[in-house]
Number of protein chains: 2
Amino acid sequence: MKKKAVVNDTAVCQVRMQAISDTMSILSGKWKFHILGTLIEGNKLGFMDLLREVNGIGTKMLSKELQDLEMNRLVSRTVMNTKPITVEYSLTEYGETLSPVINELAKWGVEYRKSVYGDTQV
Amino acid sequence: MKKKAVVNDTAVCQVRMQAISDTMSILSGKWKFHILGTLIEGNKLGFMDLLREVNGIGTKMLSKELQDLEMNRLVSRTVMNTKPITVEYSLTEYGETLSPVINELAKWGVEYRKSVYGDTQV
DNA sequence: TTAGGCAGTTTCCTCTAGGAAACCACTTCC
DNA sequence: GGAAGTGGTTTCCTAGAGGAAACTGCCTAA
């Protein structure tokens, strides 16, 4: 009876689904959210800083993910002309538009922990 | 000089990073966001409905992802006693707490499309 | 001069996420 | 009696995501 109603929604969903696909393909992989989350907090960080902050990541993955993020104009890479050459990674202005997404994700994760381990435990 | 400042932040980040890890591990895989996004819009949907709405997914993956989501109390599965047996999948109350996350994700994806194809194109 | 820090690249290997297709059981429509 | 719809499970296969470790190259401090 109401099966047609679902089909009618399809056009509406299509835009949403496409949007979700887009976002997830850009933020694909195990580490993008972590890197972005760290850069939101850390502002400007070097390669080794990120390697230390992003728990468990290795040099190959960090390098590759940063390249991906740079290609999508979410992260900027600046080579500083310091004594030993250093590199500064930071969010671009555009990358900062992801803050709400990452923050919602983090917020939910915090609530999830509470619901699993109880509010007493922090 | 200021390198110590980064180290000081670590404790703060740790909670955040853990939260992001938790969320992403629960929503891991290619399809969870799509399924949840569809259920947010569609309210109550059957297996075949989801198979049609979630573009590109196959029966095996849909089945597996739904089981994952059910195990994490995000989705409920109700067998209806109808003539040909039907099943209703819907978000649990807890699953609905994910709406802000999914919605931010979708919102960002929409803006992303605009920035790529221009505002003229919808 | 050698050890250590920065910033990666390259190679090699493994594991598993995910797709295609076949199959199952049950019902109802024609 | 067979086609079609519901709701899956099982098997088989492979592309590629991701880890470990070694290597590069440059600079500095002890």
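In the text below, chain A, chain B and the rest are named by the order of the sequence lines, each starting its count at 1.
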Just wondering, do B/Leu39 and B/Leu50 contact through their side chains at under 4.5 Å, heavy atoms? yes

Just how far, in rounded Å, is C1' of C/dA17 from CE of B/Met24? 15 Å

Could you state the CD-P distance from A/Glu88 to C/dC6, rounded to the nearest angstrom? 14 Å

Distance-only donor-acceptor hits, side chain of residues 20-27 of chain B, under 3.5 Å, sequence neighbours excluded:
unit_1: B/Ser21; atom_1: OG; unit_2: A/His34; atom_2: NE2; d: 2.9
unit_1: B/Ser21; atom_1: OG; unit_2: B/Met17; atom_2: O; d: 3.2
unit_1: B/Asp22; atom_1: OD1; unit_2: A/Arg113; atom_2: NH2; d: 3.4
unit_1: B/Asp22; atom_1: OD2; unit_2: A/Arg113; atom_2: NE; d: 2.6
unit_1: B/Thr23; atom_1: OG1; unit_2: A/Leu105; atom_2: O; d: 2.9
unit_1: B/Thr23; atom_1: OG1; unit_2: A/Gly109; atom_2: N; d: 3.3
unit_1: B/Thr23; atom_1: OG1; unit_2: B/Ala19; atom_2: O; d: 2.9
unit_1: B/Ser25; atom_1: OG; unit_2: B/Asp22; atom_2: O; d: 3.1

Taking only side-chain N and O atoms of A/Arg52, does any of them lie within less than 4.0 angstrom of OP1 or OP2 on C/dA7? no

Going by the rule side chain to side chain contact (heavy atoms under 4.5 Å, CB included), which residues pair with B/Thr59 if we only count those two or more places apart in sequence or in a different chain? B/Phe47, B/Leu51

Tell me: NE2 of B/His34 to P of C/dG19, nearest whole Å? 11 Å

B/S/- along nucleotides 10-29 of chain D (protein heavy atoms under 4.0 Å) is BB------BBB------SS-

Does a nitrogen or oxygen in the side chain of B/Tyr89 sit under 4.0 Å from OP1 or OP2 of D/dT6? no

Among C/dG8, D/dT9, D/dT6, which nucleotide sits nearest the side chain of B/Ser63? D/dT9

Can you tell me the distance, in whole Å, between the CG atom of B/Leu51 and the P atom of D/dT6? 10 Å

Does the side chain of A/Gln67 get closer than 4.0 angstrom to OP1 or OP2 of C/dG8 through an N or O atom? no

Could you give all pairs that pass the ring pair (Phe, Tyr, Trp, His ring centres under 6.0 Å) test and reach residues 61-95 of chain B, with sequence neighbours left out? A/Trp108-B/Tyr94

Side-chain donor/acceptor of A/Thr92 to backbone N/O of A/Arg73, under 3.5 Å: yes

Connected via hydrophobic side-chain network under 4.5 Å: B/Met80 and B/Val75: no

If you define the side chain from C-beta out and look only at heavy atoms, does anything of B/Thr78 sit under 4.5 Å from B/Lys44? no

Residues two or more places apart in sequence or in another chain: which of them pass side chain to side chain contact (heavy atoms under 4.5 Å, CB included) with B/Gln67? B/Ser63

Mind listing the residues from residues 69-78 of chain A sitting with a heavy atom below 4.0 Å of DNA chain D? Number order is fine. none

Rounding to an integer number of Å, can you tell me how far B/Glu53 CD sits from D/dG7 P? 14 Å

Which nucleotide in the list C/dG8, D/dG8, C/dC6 gets nearest to the side chain of A/Thr86? C/dC6

Which whole-number value in Å describes the distance from B/Leu62 CG to D/dG7 C1'? 10 Å

Side chains of A/Lys32 and A/Leu74: does their closest heavy-atom pair fall under 4.5 Å? no

Check the distance between C/dA17's P and B/Leu27's CG and give it to me in whole angstrom. 15 Å

Find the distance B/Leu50:CG to D/dG5:C1' and express it as a whole number of Å. 16 Å

